[in-house]
Amino acid sequence: MIAEILAFHPTGSPVFAPPSKSMAHRAVLCAALAEGTSRVEHLEFSQDIAATLSAAARLGAGVETGPDWALLRGGLLRRPDGPVDCCESGSTLRFLIPLASLTGGPVTFTGRGRLMERPQSVYQELFSAQELEFRQGPDGLTIGGPLWPGKYPVRGDVSSQFVSGLLFALPLLKRESTLRLIPPVESRSYIEMTRAVQAAFGVESFWQDEYTLRIPGGQAYRPRAYTVEGDYSQAAFPAVLGALCGGVTLTGLAADTLQGDAVILDILRRCGARFARDAAGLHFEKSLLHGVEIDLADCPDLGPVLMALGLFCEGETVIRNAGRLRLKESDRIAAMEAELRACGGVVSSEGDVVRLRRSTLHRPVRPLCGHNDHRVVMSLTVLALAAGLPLSIEGAEAIQKSWPSFFAVIRQLGGEVNELG
């Protein structure tokens with residue numbers, strides 16, 4: 001699909017933030033593990049969430065869906081009779097590997113795009129230490145099990161998804177386990193998000209110290225109704241657009257959230273953005289912005305839209321600890337560099353540091369490329385609207401991965417967007 005991005009004329013119409021994809025993954029899995037029927041509400045059926053729902057069904061849960069909800073009848077982990085397709089969802093794959101091991105295995109996972117290229121070394125080492133099967137190749141990943149309770153050392157600087165995956169499975173073992181996080185620990189907020197959703201479903205873990213989690217065994221997930229809160233990670237795109245152009249109001253974002261990507265508000269405030277929160281939501285005014293230093297260690301998903309933002313900020317914007325962006329659906333640093341430069345953007349990178357300067361932007365001589373990456377497509381859309389650059393983005397269907405209604409929301413805000421093919 002090609003998206004034609006034409007112009008932005010703010011309507012002032014408030015838009016509701018989409019449901020948090022991170023929270024939705026976690027709620028669906030906890031519901032699938034709970035014996036009984038749970039209802040998870042405020043869902044958007046992106047490709048990633050659809051992958052987790054489908055995988056939950058393959059592992060034994062009954063799944064029924066409505067317009068924005070899912071009923072899950074869980075409590076039974078069974079070995080699937082064929083591969084589990086995770087599409088392009090890294091969360092689905094990494095959350096399910098430890099759980100799948102409890103079925104007695106072997107279980108094979110498949111995926112698309114770059115999913116099978118993404119590193120799984122943390123699990124590979126843990127499975128190897130327990131002399132369990134773990135084979136990864138371009139066509140799939142096969143594991144055997146079950147994991148057994150004990151002490152699990154886990155690197156904290158690779159991905160919190162490995163920690164969360166173990167947190168889902170270890171409480172179901174008969175005896176207590178401990179997770180020892182090897183510092184530095186990045187994306188700690190995502191670990192806390194997992195623990196909070198688990199607690200809502202009756203499963204607990206406890207910090208013994210800053211780096212050690214104690215996980216009692218013999219626990220059971222309990223069914224319940226759960227409503228997914230609004231997503232700061234996705235809200236970052238209209239929030240940046242609002243800071244640059246004004247006239248944007250976002251609703252449905254909890255002030256007391258555990259989401260690490262809520263730091264987008266602090267980053268925008270440090271850049272000089274003017275916005276206010278009241279009972280009606282977050283209201284953004286057009287603001288003159290300046291460059292700041294940004295640390296992505298706990299909020300890597302914000303990287304692409306912050307790279308777009310940097311081209312509008314006076315002075316230099318420096319983004320540090322960005323290296324994990326190279327291991328996502330695309331190499332997000334290289335992808336954004338290529339597309340920003342095509343529009344006249346002044347951007348450079350070295351290692352895990354990206355530097356951007358305020359730039360005189362122009363219409364590119366070629367269509368921009370979405371690099372099969374939802375966050376790249378959405379970031380380039382914000383760039384085009386804020387700069388008033390009519391342009392086309394090829395591969396815009398990538399938004400289906402996380403926010404299928406993204407362009408509809410942009411039109412509600414006042415963006416002129418055509419979706420072709």
Rounded to the nearest 0.5 Å, what's the gap from [atom1] on [X] to [atom2] on [Y]? Could you check?
X    : Y    : atom1 : atom2 : result
I393 : L420 : CD1   : CG    : 12.0 Å
S89  : E329 : OG    : CD    : 8.5 Å
I264 : L302 : CD1   : CG    : 5.0 Å
S379 : L309 : OG    : CG    : 10.5 Å

Report yes or no: do [X] and [Y] form a side-chain donor-acceptor pair below 3.5 Å?
X    : Y    : value
S187 : R324 : yes
H374 : Q47  : no
T37  : R73  : no

*For T194 and S164, run side chain to side chain donor-acceptor pair (under 3.5 Å): C-alpha distance rounded to whole Å, both residues' side-chain angles, the deciding distance at 0.1 Å, then the answer.*
CA-CA 6 Å; T194 300; S164 290; 2.6 Å; yes

Looking only at non-hydrogen atoms, find the nearest pair between [X] and [Y] and report the distance.
X    : Y    : value
G111 : M116 : N-CE, 3.6 Å
L172 : L33  : CD1-CD2, 4.3 Å
S38  : F201 : OG-CE2, 3.8 Å
I333 : A322 : CD1-O, 3.5 Å
A335 : H371 : CB-CG, 3.5 Å

Return the set of residues passing side chain to side chain contact (heavy atoms under 4.5 Å, CB included) with [X] (not counting sequence neighbours), or none when no residue passes.
X    : value
A387 : F312, L361, L389
T317 : I294, C313, I319, L356
L6   : E4, E416, N418

Run the side-chain hydrogen bond (donor to acceptor under 3.5 Å, both in side chains) test against [X] and tell me which residues pass, sequence neighbours left out.
X    : result
Q208 : none
Q161 : S91, R94
Q124 : none
S205 : R195

*Any pair counted as side-chain hydrogen bond (donor to acceptor under 3.5 Å, both in side chains), so long as it reaches residues 230-249, sequence neighbours left out*: Y232-R277, S233-D261, S233-R375, Q234-R375, Q234-S402, T249-H283

*Which pairs with one or both residues in residues 11-24 pass side-chain hydrogen bond (donor to acceptor under 3.5 Å, both in side chains), sequence neighbours excluded?*
T11-S13, K21-D48

*Not counting sequence neighbours, which residues clear ring-ring contact (aromatic ring centres under 6.0 Å, His included) with F407? List them please.*
none

*Does the salt bridge (charged side-chain N to carboxylate O under 4.0 Å, His left out) test come out yes or no for K328 and E88, once each step is laid out?*
CA-CA 10 Å; K328 300 292 185 176; E88 292 187 74; over 6 Å; no

Side-chain touch [X]/[Y], heavy atoms, less than 4.5 angstrom:
X    : Y    : value
L391 : C343 : yes
R78  : L59  : no
F162 : P98  : no

*asked:* Among residues at least two apart in sequence or on other chains, which ones pass salt bridge (charged side-chain N to carboxylate O under 4.0 Å, His left out) with D331?
replied: R326

*Only counting residues at least two apart or in another chain, list the ones meeting salt bridge (charged side-chain N to carboxylate O under 4.0 Å, His left out) with E419.*
R411

_Using only atom types and a distance under 3.5 Å, with no angle test, would you say the side chain of S46 pairs donor to acceptor with the backbone of Q400?_
no

*Output yes when a side-chain donor or acceptor of E394 lies under 3.5 Å from a complementary backbone atom of P367, and no otherwise.*
no

*Measure centre to centre between the rings of F168 and F95, then say whether the value is under 6.0 Å.*
yes

